[in-house]
Asks: 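Below is the structure I would like to discuss, written out as structure tokens.
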Amino acid sequence: MFSEKLLKWYDLFKRNLPWRTERKNPYFVWLSEIMLQQTTVATVIPYFGRFILKWPELKDIAKASLDEVLVEWQGLGYYSRARNLHQCAQLLANAFPQSEEELRILPGIGPYTAAAIASIAFDKKAAAVDGNVIRVLSRYYALQLPMPRKEVHQRLKKLLPNKRCGDFTEALMELGALVCRPKIPLCEECPFLETCKAYKLKNVESFPLKHLKEKMPTRYTTAFIICRQDGALWLRKRPSKGLLGGMMEVPTTPWIEVKNAKQKTCVKHTFTHFHLEATLCYRDKPPDRDGLWVHPHDFKKYALPTVMKKIIKAGLKEFESVQNSFDDAV
DNA sequence: CATGCGTGGTC
DNA sequence: TGACCAAGCAT
């Protein structure tokens, strides 16, 4: 029996992760699942710890402002998750629904997360299909489909146990993360070594089929380091939707795919679907009224995405050396 | 259904 | 250094 063998393995090898508490905490499960979307466990752990320290329960984060949530989320990426998290907390305020169907309609909760919360937090019989599960079952059944998600979902439903559904969901993902890894899978340590079709075919790593990706374009911009005599920097808030929605930034020229030959790239950063190269430009007066002065000491009060932290760091460093050489000269 | 949406680690 | 990857969702 698939589920029995998997659960036996899980009991022996599961990790102690901060959201895996003895008594199931739906708030912890929800928060961790949102954070773990497209994000590694190692990256999530410190963020999760800070969130539950600041907001121990759902009702606590429900009282927080979006800006407060974005400040704690800064650096984690995919900022729409933070906006949806905040909205979801406000909608619920008190408690989570327990069915996959009711969870599914909440902001930021899609098919995977709904099934994951229903099973992990409430032990409902729900099939949670994520990247791990697609990889594990694509290999186990040697699925040659280019888009195996639907097929994997059908197969997974038939594998679900009647007891310990939550553990089963976590176990399958844990197997994918620790043993049935994308690269260099540890097949010798896998409980399904003898029944895995991909292993029998001796090409485990070729599953699931990966489609070639288009090369990412590079966009170019000039970022303005607008620094006042007292060291304060001019920042503004980005529009609430889209790329880095609701986060703070230094003013920049439009990000376009045309390189200005004369300018020298100071900061490079890669986003989901393009590279960015930024040139720095120094000013002492803001271009308009859209923004505010922020002292470096107060940066932590504002939600700055990693790309802007890089630009500001490079900008202030450069500014300092310019100032110092000026000071030396006089 | 394809595209937009971050970041840090790894090889 | 750069390409690829990691517990998806919204539109």
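Convention: sequence-line order gives letters A, B, ...; per-chain numbering from 1. All values derive from a computational prediction rather than experimental measurement.
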Asks: What's the CD-C1' distance between Glu214(A) and dG4(B), to the nearest Å?
Replies: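 In whole Å, dG4(B) C1' lies 14 Å from Glu214(A) CD.
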
Asks: Any salt bridge between Asp130(A) and Arg149(A), counting N to O under 4.0 Å?
Replies: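 Salt bridge between Asp130(A) and Arg149(A), a charged N being under 4.0 Å from a carboxylate O: no.
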
Asks: Quick one: Arg149(A) CZ to dG8(C) P, roughly how many Å, whole number?
Replies: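 One finds 8 Å between P of dG8(C) and CZ of Arg149(A), rounded.
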
Asks: If only side-chain N and O atoms of Lys213(A) are considered, is one of them under 4.0 Å from the OP1 or OP2 phosphate oxygen of dC5(C)?
Replies: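 It does, given that an N or O in the side chain of Lys213(A) lies less than 4.0 Å from OP1 or OP2 of dC5(C).
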
Asks: Could you check how far CD of Glu100(A) sits from C1' of dC9(C), rounded to whole Å?
Replies: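 Distance, rounded to whole Å: 15 Å.
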
Asks: Can you list every side-chain hydrogen bond (donor to acceptor under 3.5 Å, both in side chains) pair that touches residues 43-60 of chain A, not counting sequence neighbours?
Replies: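 The answer is Thr40(A)-Thr43(A).
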
Asks: Roughly, in whole Å, what's the span from NZ in Lys241(A) to P in dA10(C)?
Replies: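 Checked: the NZ to P distance equals 13 Å.
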
Asks: Expressed in angstrom and rounded to an integer, what is the separation of Leu145(A) atom CG from dC1(B) atom C1'?
Replies: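 Distance, rounded to whole Å: 17 Å.
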
Asks: When Ile, Leu, Val, Met, Phe, Trp and Tyr are grouped by side-chain heavy atoms lying under 4.5 Å apart, directly or through other members, which residues fall in the same group as Val204(A)?
Replies: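 Taking Ile, Leu, Val, Met, Phe, Trp and Tyr as members, Val204(A) shares its hydrophobic cluster with Leu193(A), Tyr199(A).
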
Asks: Applying side-chain hydrogen bond (donor to acceptor under 3.5 Å, both in side chains), name anything that partners Arg219(A), two or more places apart in sequence or on another chain.
Replies: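 Not a single residue meets the side-chain hydrogen bond (donor to acceptor under 3.5 Å, both in side chains) criterion with Arg219(A).
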
Asks: Nearest whole angstrom, please: distance from the P of dG8(C) to the NE2 of His153(A).
Replies: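 Interatomic distance, NE2 of His153(A) to P of dG8(C): 16 Å.
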
Asks: Side-chain donor-acceptor pairs under 3.5 Å in residues 265-273 of chain A, sequence neighbours left out?
Replies:
residue: Thr265(A); atom: OG1; partner: Glu277(A); partner atom: OE1; Å: 3.2
residue: His269(A); atom: ND1; partner: Lys310(A); partner atom: NZ; Å: 2.9
residue: Thr270(A); atom: OG1; partner: His275(A); partner atom: ND1; Å: 3.0

Asks: Which comes earlier along DNA chain C counting from the 5' end, the contact point of Leu106(A) or that of Leu36(A), where each point is its nearest nucleotide?
Replies: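 The residue closer to the strand's 5' end, by nearest nucleotide, is Leu36(A).
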
Asks: When the side chains of residues 93-109 of chain A are checked against the rest of the protein, which donor-acceptor pairs come out under 3.5 Å, sequence neighbours left out?
Replies:
residue: Ser99(A); atom: OG; partner: Glu102(A); partner atom: N; Å: 3.1
residue: Ser99(A); atom: OG; partner: Glu102(A); partner atom: OE1; Å: 2.8
residue: Arg104(A); atom: NH1; partner: Ile109(A); partner atom: O; Å: 3.4

Asks: To check you understand the geometry: which heavy-atom pair defines the closest contact between Leu70(A) and Gly245(A), and what is its length?
Replies: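 Where Leu70(A) meets Gly245(A) most closely, the heavy atoms are CD1-O, 4.5 Å.
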
Asks: Among all residues two or more places apart in sequence or in another chain, which pass the side-chain hydrogen bond (donor to acceptor under 3.5 Å, both in side chains) test with Ser65(A)?
Replies: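 So Ser65(A) forms a side-chain hydrogen bond (donor to acceptor under 3.5 Å, both in side chains) with Glu68(A).
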
Asks: Could you check Leu17(A) against Asn84(A) and say which one's nearest nucleotide on DNA chain C is further toward the 5' end?
Replies: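 The residue whose closest nucleotide sits nearer the 5' end is Leu17(A).
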
Asks: Mind checking the C1' distance from dA7(C) to dA2(B)? Whole angstroms is fine.
Replies: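 After rounding to an integer number of Å, I get 22 Å for this pair.
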
Asks: Expressed as a whole number of angstroms, how long is the span from His211(A):NE2 to dC5(C):C1'?
Replies: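 Going from His211(A) (NE2) to dC5(C) (C1'), I get 12 Å.
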
Asks: Any salt bridge (charged side-chain N to carboxylate O under 4.0 Å, His left out) pairs touching residues 186-208 of chain A, not counting sequence neighbours?
Replies: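 Checked against salt bridge (charged side-chain N to carboxylate O under 4.0 Å, His left out) - neighbours excluded - no pair reaches residues 186-208 of chain A.
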
Asks: Name every residue in residues 125-135 of chain A that has at least one heavy atom under 4.0 Å from any atom of DNA chain C, in order of residue number, or write none if there are no such residues.
Replies: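 Here the set is Asp130(A), Gly131(A), Asn132(A), Arg135(A).
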
Asks: Name the nucleic acid region contacted by Arg238(A), choosing base, sugar-phosphate or nothing; use a 4.0 angstrom heavy-atom cut-off, strictly under.
Replies: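 The answer is nothing, as Arg238(A) stays clear of every strand by at least 4.0 Å.
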
Asks: Any chance you could list the contact pattern along nucleotides 6-11 of chain B? Use B for base contacts, S for sugar-phosphate-only contacts and - for none, protein heavy atoms under 4.0 Å, 5' to 3'.
Replies: BBS---

Asks: Would you call Glu249(A) and Arg236(A) a salt bridge, using N to O less than 4.0 angstrom?
Replies: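 Here Glu249(A) pairs with Arg236(A) in a salt bridge, since their nearest N and O are under 4.0 Å apart.
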
Asks: Given atom CD1 of Ile45(A) and atom P of dA7(C), what is their separation to the nearest angstrom?
Replies: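 In whole Å, dA7(C) P and Ile45(A) CD1 are 15 Å from each other.
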
Asks: Tell me whether the OP1 or OP2 atom of dC5(B) has a side-chain N or O from His273(A) closer than 4.0 Å.
Replies: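 Affirmative; the distance criterion is met.
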
Asks: Say you pick atom P in dC9(C) and the same atom in dG8(B); how far apart are they, in whole Å?
Replies: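 Straight-line distance between the two P atoms is 23 Å.
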
